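To start, the structure under review is shown below, and the notes come after it.
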Amino acid sequence: MLLHHCTWREVEARLEHGKGIMIPIGSTEQHGPNGLVGTDALCAEVVAKGAGEAVDALVAPSIAVGMAQHHLGFAGSITLRPSTLIAVVCDTVQSLARHGFDKFYFVNGHGGNIATLSAAFSEIYAGRSLHGQGLNSNAVRCKLKNWFDGPAIKALSEELYGAAEGSHATPSEVSLTQYAFPETIKQAAMSPAIAPQGPIYDAEDYRNRFPDGRIGSNPALASPEDGKRIYDTAVGEVAEGYLAFLKAD
Ligand code: NI
């Protein structure tokens, strides 16, 4: 169930039966010639929503803008600087912890968020350690789950796309948005078919190295039919991971 579709009384009642919550987190950034600017946020949201339905978990509103400074050379991309994203994650967790939530499962759709999310979790734990029990909440646990890197989803990407999966604007994530939002499907030529690989620094350097925005991928291979398989597999892994997280100490 979506938190933002509940009344406060419904949220309060659910807290009597469980104190876990999923929080989708993505990014709003260019995704190559045929990928949507919202790809990472949309993928995290649809996978979390599906997993939430599968295991009757509460799903918070998405954090739709992430740490994407390297994409700012392309129109439409938006970033939070790492310190801002850390503050957003800390305030979100501490708001929900105040109500009694204590297990926060971040369903992430963007590799560029990983380091910053990990730092945010460290800030949350440091805040508790430095303030003793003064935060008006129980002990909290935070977990990062990338929808795109579980063993089953990686095996499926390998089977479908092999070396053309790449690492940004991947056919897997484009397929997933094509399945979830078929009205948004775009066609575009890819030249070369598989984009170059390389390191990531700042936005200007990124645009020079990766002129159409892709890294190592060929998203022309994407299809909504593949997206359905990717969705089902990702939802299964995320749901299973959430239940394991709830059970863990
Ligand atoms: Ni992406």
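We count ligands from 1, going down the list as the structure has it; atoms in each ligand are counted the same way. Computed from a predicted model, the values in this text were never measured in an experiment.
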Checking side chain to side chain donor-acceptor pair (under 3.5 Å) for the pair Thr39/Glu173: CA distance, chi angles, key distance, verdict? CA-CA 7 Å; Thr39 298; Glu173 60 186 344; 5.7 Å; no
Test your reading of the model: is there a side-chain donor-acceptor pair from Gln30 to the backbone of Gly213, 3.5 Å cut-off?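 Pair found, side chain donor or acceptor close to backbone of Gly213.
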Quick one: does any side-chain atom of His110 pair with a main-chain N or O of Met67 as donor and acceptor, under 3.5 Å?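 Yes.
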N/O/S atom of Asp40 inside 2.8 Å of the Ni ion (ligand 1), strictly under: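 So Asp40 does bind the Ni ion (ligand 1) by this criterion.
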Would you say His168 reaches the Ni ion (ligand 1) with an N/O/S atom under 2.8 Å? no
Looking at Glu173, pick out the N, O or S atom nearest to the Ni ion (ligand 1) and give its name.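 The Ni ion (ligand 1) is closest to the Glu173 atom OE1, counting only N, O or S.
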Side chain to side chain donor-acceptor pair (under 3.5 Å) between Thr170 and Tyr161: does it pass, once the steps are laid out? CA-CA 9 Å; Thr170 67; Tyr161 310 119; over 6 Å; no
